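One structure below.
Quick note: residue numbers are just sequence positions, from 1. Please read these numbers as outputs of a predicted model, since none were measured by experiment.
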Amino acid sequence: IFSLFCYLVLSVSAQQDLTMYSIQSIPYSSFLNPALMPKSNFHIGLPGLSSLHLGVGNSGFNAHDILEMKNDTTLLIKLDDFVKGLKKSNNIRADLDITLFSFGFKVKSKHYFNLSITHKTSALFTYPKELFDFVYYGNGAFIDETISFNKLGVKALQYNEARLGYAYKVDEKL
């Protein structure tokens, strides 16, 4: 399951916040840049048909370093390289934003009003290298040593965001 997950994560690509910031053809760009005047005169977003943002990242390993393809048919996981490559403290982060409802409209091509409600979830899992050292090498590798998992933890945040926006077009440049 782990190898399948890593393979899927390697093949996913999506629009990132930094590149969507000034794309006028996407009304959701106004979520990032409230001064943006979208090209569309009207937009509406409903659950399942609206913006969805999923972000996953980690600081402990690079999947390219621990996965190896043999004969174009077999995916190998190099566990030894994985465990040796971990930092003293590592993080896995996941973010999920689901726009539940949004709409926006232009008035006289100079005014743009928009409203949206987005459900946001963010989670951070922090783990020490010793956790995987213990799992991979076993307790025999730590005879007469003390292992501390005090950096092990989870932080999570979940909330709903309501956004009300207004943009005014002064002239073609501003």
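No side-chain heavy atom of L115 sits under 4.5 Å from any side-chain heavy atom of S102. N58 has its side chain out of reach of F125: every pair of non-hydrogen atoms, C-beta onward, lies at least 4.5 Å apart. At a threshold of 4.5 Å between non-hydrogen side-chain atoms, the residues F132 and L79 do not count as touching. Side-chain contact between L76 and T74: present, with at least one pair of heavy atoms (C-beta onward) separated by less than 4.5 Å.
Contact record, K169 with S109: CD-O, 4.1 Å, taken as the closest heavy-atom pair. When all heavy atoms of K106 and K39 are compared, the pair lying nearest together is NZ-O, 3.4 Å. The minimum heavy-atom distance between G60 and L86, with the atom names listed, is O-CD2, 3.6 Å. Looking at every heavy atom in both residues, T121 comes nearest to D97 through N-OD1, 4.3 Å. Taking each heavy atom of S89 and S59 in turn, the nearest pair found is O-OG, 4.5 Å.
Here L52 pairs with L96, I98 under the side chain to side chain contact (heavy atoms under 4.5 Å, CB included) rule; sequence neighbours left out. For F149, there are no ring-ring contact (aromatic ring centres under 6.0 Å, His included) partners two or more places apart in sequence or in a different chain. Applying the ring-ring contact (aromatic ring centres under 6.0 Å, His included) rule to F134 yields no partners; only residues at least two apart in sequence or on another chain are considered. With sequence neighbours left out, the ring-ring contact (aromatic ring centres under 6.0 Å, His included) criterion links Y168 to H111. For the side chain to side chain contact (heavy atoms under 4.5 Å, CB included) test, residues two or more places apart in sequence or in another chain that qualify with R93 are D95, S122, L124. By the side chain to side chain contact (heavy atoms under 4.5 Å, CB included) test, D133 pairs with V83, K129, Y137, F142, sequence neighbours left out.
One distance of note links CG of N62 with CZ of F82; it measures 11.5 Å at 0.5 Å rounding. Within the model, atoms CG of N90 and OH of Y127 stand 4.0 Å from one another, a figure rounded to the nearest 0.5 Å. From E161, atom CD reaches atom OG1 of T99 across 8.5 Å, with rounding to the nearest 0.5 Å.
Note on L54: it clusters hydrophobically with L100, by side-chain heavy-atom contacts below 4.5 Å among ILVMFWY residues. Linking Ile, Leu, Val, Met, Phe, Trp and Tyr whenever their side-chain heavy atoms come within less than 4.5 Å leaves L164 and Y159 in two separate clusters. Tracing side-chain contacts under 4.5 Å through hydrophobic residues (I, L, V, M, F, W, Y), one reaches I92 starting from V154; they form part of the same cluster. Hydrophobic cluster membership differs between L157 and I117, with clusters built from Ile, Leu, Val, Met, Phe, Trp and Tyr side chains linked at under 4.5 angstrom. Residues L49 and F42 fall into different hydrophobic clusters, defined by Ile, Leu, Val, Met, Phe, Trp and Tyr side chains chained together at heavy-atom separations under 4.5 Å.
Between Q158 and H119, the side chains place a donor N or O and an acceptor N or O closer than 3.5 Å (distance only, hydrogens not considered). For T126 and N91, the side-chain atoms include at least one donor-acceptor pair closer than 3.5 Å. No side-chain donor from either of N71 and T73 sits under 3.5 Å from a side-chain acceptor of the other.
More than 12 heavy atoms of other residues, nucleotides or ligands shown are found within 6.0 angstrom of CG on D171. Surrounding NZ of K87 are at most 12 heavy atoms belonging to other residues, nucleotides or ligands under 6.0 Å away.
Checked by atom type and distance alone, the side chain of K70 never pairs as donor or acceptor with a backbone atom of L75 at under 3.5 Å. Not one N or O on the side chain of D81 forms a donor-acceptor pair closer than 3.5 Å with the backbone of K78.
For F105 and Y112, the ring centers sit 6.0 Å or farther from each other.
The aromatic rings of F113 and Y166 sit tilted, their planes meeting at an angle between 30° and 60°.
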